[in-house]
Amino acid sequence: MIEVVSLSKRFGATVALEDVSFQVAAGEVLGFLGPNGAGKTTAMRIITCYIPQDGGAVRVGGLDTAERSVEVRRKIGYLPESAPLYHDMGVREYLGFVGRVRRIEPPLLGQRLEEMIEICGLKRMQHRLIGTLSKGYRQRVGLAQTLIHDPEVLILDEPTSGLDPNQIAEIRDLIKRIGREKTIILSTHILPEVEATCSRVIIINEGRIVASGTPRELTSRSQGAPRVYLTVEGAAAADVEPALRESGLGQEVRLIEALDGRARFALGCEAADPEAQLFRLAVRQGWTLTELKRETVSLEQVFTRLTTRETAES
Amino acid sequence: MRNVLIIAGKEIRSYFNSTIAYIFMVVFLVLTALLFFELQKFFVIGQATLRDFFGLVPIVMLFFVPAISMRMWAEERKLGTLETLMTLPLRDGEVVLGKFLAGLAFLLITLALTFPLPVIVSALGNPDSGALFCGYLGLVLLGASYLAIGLWISSLTENQIVAFVTAAVACLILFIIGVDVFLTAVPSWLVPFLKGIALGSRFSSIERGVIDLRDIVYYLSIIGFFLFLNMRSVELRKGA
C-alpha cells in the first residue's frame, strides 16, 4: 500500500532522513519509533505530501506522491502532531468543512458527521468552539477529521502525546477498532503503545532505520540466552549454589541475596526452556521454590540499546 | 472553483466566529465617518463633494485591509493548521484564491456599509451616480490590491503584528508614491516611473470618473502578481 524507496531529506546542514526504505502492506499497522528529532515527523510529512523530499520516492496505493499529489492526499487521513485545529471554528463546522473538501456530498456528509461524532465520543462537545475544548477532545476532533472520508491510509503523528492515561487508553482502543481494515502508520516514542497497537515496528534514529520487525521479533532477537531468577526457601544458600551448577542448566550462577532462610539466585541458562528442569530439580532436592521467573527483554530495552549506541558513535 | 469557495467559506465563518471581525468593521466605519465629518470640515465648508470621501477612504483602508489579511496565513502557521490544510486534497492556488476571496468579501461588505455617507452627501447636493460608481469601483480595486499584498506578507511570517505593520507600510509606500504632493518633491525624471507603479495615482484618475482600461488592467495585474508570489511562498515555506 505504501512504498518508501531510499528517501532522503536535509534541512540546511542537518540530515533529517538518509536512505530510508520500507513498505507497508494493506491492513498493516506500522509503528514508527524513535527518540525526538529522529526523523519520524519528517518522513510522515513527506508521505502526506506536506513537504517534498530531496531524494528517493514515495508511492501510496501505486501513486507517486511527487506526481499525483492531490490524488494521494485524497487516499490519506493525516493527523499531525498535537492535532492543530482552528480555534474559532465549531466542532461540527470544522468537520463539515473537511468533509466538503474531501468531496463528501450532502446526504452522505451529514451521515458521516454523525458517525464520526459517535465514534470519537464528541456528542457532548459537537456545538462547542474547538478553542474551548481540552487537549483530549481536540485530539478526538483531529482523529474524526482524519477519518471522515473513510481513507485507506491513516497517518498519525504521536496520536496520544499530551493525553492523560485514560484518554490514552481510549485513543488506543479507537485506533485498534478503526485499524482493522485500514493501513496505518503511527509514530510514537511511547513503547507500550507500539506493543499494544502495532503489527510491525520500525525504529529510526538520526534519520536512519536501525531495526524493523514485529515487536516480538525485535525483543527475541536481542534477547539471547534466557536468564532466570529463582528464590529457594528451606535450604542453605551454600547448598543450593553447587546443586545449581551441577544441574548442567548453566554455569552462570549468581547469589543475589540470602535472607531469613531464603536465597535468591540469578541463573544464566543455556537451555532454551529451563523452567521445567529447575522445578524438577527443586522437587528432587526438597527445596521450596517461592519464585521462578524468566527475565524478559522489553521493547524498551531494545530501543534504548539501539538508539543510544548509535548516538554514542556519532 | 468549488474548492476555492469551500476555503473562502471556511475563512469567512471562522472570521465571524471571532469578535475581531466586528471590531475591525466598526472601527473602520466609525473612523471613516468621524474623519469625513470632522476633519474634512464637511459642515463648515458646506460643500457637497464626494471627492473628500473618496480621498479619505484609501487612507483608512491602508490600516483596515492589512488588519483583515494579517491573520490569514500567519495564524495558520502559528497554530500549525497549515499542515492539516495543505495535506488536504487541495491545490496551493485554490487555497490562496479562497483566502483572497474571503478577504475580498469582507472588504466588500464593509465598503457597502459606508454607502450612507456618500448618499447623504448626494442627497444634500447634486447627486452624481456616475462619480459614485467610479469611486466605489476604484475603492474595490485599490482595496483588493492592498489585500493581495497583505495576504502575501502574511504568508511570510507567523506573527500577525509583524504581518500587519509590514503590510501597512508596504501599501502606504506604494500608495504615497503616486500622490501629487509627493511627486512634486522628487526629481522629474522619476515621476513617470513612480506614477506607473503607484497604487494611488491610478486611483485618483478612476475616482475623477475616468475609467481607463489600462488602470483596471494595472490593478488586476498587481493582484495577480502578489497572489502568484503568495502561491510561491506557501509552496516554499510550508515545510520550514
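Chain letters run A, B, ... following the sequence lines, proteins first, then strands; residues in each count from 1.
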Legend entry - When A/Val101, A/Thr48, A/Val72, A/Thr146 are compared by non-hydrogen pairs under 4.5 Å with chain B, the top option: A/Val101
Inset, instruction - Under the side-chain hydrogen bond (donor to acceptor under 3.5 Å, both in side chains) rule, collect the residues that match up with B/Trp152, sequence neighbours excluded. - result: none
Inset, instruction - Select one option (side chain, backbone, both, neither) describing which atoms of B/Glu76 are under 4.5 Å from chain A's heavy atoms. - result: side chain
Legend entry - Residue A/His87 versus chain B: region with a heavy atom under 4.5 Å: both
Inset, instruction - Among the options A/Glu81, A/Glu93, A/Gln145, pick out the one with the most heavy-atom pairs lying under 4.5 Å from chain B. - result: A/Glu93
Inset, instruction - Give a yes or no on whether a salt bridge exists between A/Glu105 and A/Arg112, defined as a side-chain N under 4.0 angstrom from a carboxylate O. - result: no
Inset, instruction - Inspect the surroundings of CZ in B/Arg2 and state if more than 12 heavy atoms from other residues, nucleotides or ligands are less than 6.0 Å away. - result: yes
Legend entry - Toward chain B, the part of A/Leu129 with a non-hydrogen atom under 4.5 Å: side chain
Inset, instruction - Considering non-hydrogen atoms only, spot the tightest contact between B/Ala170 and B/Ile153 and give its length. - result: CB-CD1, 4.0 Å
Inset, instruction - Give a yes-or-no answer on whether the side chains of B/Thr32 and B/Thr114 include a donor-acceptor pair shorter than 3.5 Å. - result: no
